[in-house]
Amino acid sequence: MHTQFLQQAINLAVKNVRTGKGGPFGAVICQDNKVIAACANIVTCSNDPTAHAEMTAIRVACRNLNDFQLTGCTLYSSCEPCPMCLGAIYWARLGQVYFACNHLDAAQAGFDDSFIYDEIALSPEKRTINMQHIEINSALQPFITWQEQENKIRY
């Protein structure tokens with residue numbers, strides 16, 4: 001079954017390139033061996049830099065299950081997830097991830113995300129994009145309010 005779902009993700013990626021809708025990436029999310037989301041990268045046609053295939057599939061799967069967690073679900077991706085997608089995978093609590101190409105294959109095709117991994121390891125003030133921590137007295141208020149809230153939904 002894994003190769004069947006992975007091939008579906010690859011087919012989505014190829015079709016996406018051929019139709020000119022986005023990048024060469026596809027993702028399928030399954031629950032109990034049933035497809036609940038099948039998406040391709042739509043970054044360029046949606047003008048959304050977060051619209052990677054995995055991110056879009058996570059959004060669709062969550063809507064379809066009416067849940068913000070995908071516990072027990074499996075993601076099949078045409079390529080190893082980038083740092084952003086990897087973060088979303090953990091936040092969504094997917095059970096397993098299978099991918100076809102790795103990040104080195106993606107880099108060879110012009111999709112190199114190694115600089116992002118390098119940036120994450122740096123302290124904010126040393127990153128390429130200027131990031132500065134500003135101390136402000138009310139900074140913790142959102143967290144204090146959250147902790148005091150009795151009917152919050154933890155995630």
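Note that the coordinates shown come from a computational prediction; the quantities given were computed from them, not determined experimentally. The basis for the numbers below is simple: all heavy atoms, side chains too, and nothing from hydrogens, waters or symmetry mates. All residue numbers refer to positions in the sequence shown, counting from 1.
With a 4.5 Å cut-off on side-chain heavy atoms, S77 and Y98 do not count as touching. Using a 4.5 Å heavy-atom threshold, the side chains of P24 and V14 count as separate. The shortest side-chain heavy-atom distance between H133 and P124 does not fall under the 4.5 Å cut-off. Within the 4.5 Å cutoff, the side chain of P83 has heavy atoms near those of the D113 side chain. With contacts defined as side-chain heavy-atom distances shorter than 4.5 Å, the pair I29/L94 qualifies. Here the side chains of I153 and F68 are in contact, with some heavy-atom distance below 4.5 Å.
Between Y76 and H2, the angle of the ring planes lies from 30° to 60°, which puts this pair in the tilted group.
Taking CD1 of I36 as the start and CG of L65 as the end, the distance is 4.0 Å to the nearest 0.5 Å. Atom CD1 in I58 sits 7.0 Å away from atom SG in C85 (nearest 0.5 Å). Remark: M55 CE to C39 SG distance equals 12.0 Å, nearest 0.5 Å. Here T74 contributes atom OG1 and Q96 contributes atom CD; the two are 4.5 Å apart, rounded to the nearest 0.5 Å. To the nearest 0.5 Å, atoms CG (L6) and CD1 (I10) are separated by 4.5 Å. Atom CG of residue N11 and atom CZ of residue R18 lie 9.5 Å apart, to the nearest 0.5 angstrom.
M84 approaches P49 most closely through the heavy-atom pair CE-O, 3.9 Å. Between C79 and N102, the shortest heavy-atom contact is SG-O, 3.8 Å.
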Please list every donor-acceptor pair under 3.5 Å in which a side-chain atom of residues 135-146 meets a protein atom from a residue at least two apart or in another chain.
{"residue": "Q141", "atom": "NE2", "partner": "T145", "partner atom": "OG1", "Å": "3.2"}
{"residue": "T145", "atom": "OG1", "partner": "Q141", "partner atom": "O", "Å": "2.8"}

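Checking Y117 against E119 by side-chain atom types alone, no donor-acceptor pair falls below 3.5 Å.
More than 12 heavy atoms of other residues, nucleotides or ligands lie within 6.0 Å of NZ in K152, so this atom counts as buried by the packing criterion. Within 6.0 Å of atom CD in Q108, 12 or fewer heavy atoms from other residues, nucleotides or ligands are found, so the atom counts as exposed in its surroundings.
Listed by first and then second residue, the side chain to side chain donor-acceptor pair (under 3.5 Å) pairs involving residues 22-33 amount to none (not counting sequence neighbours).
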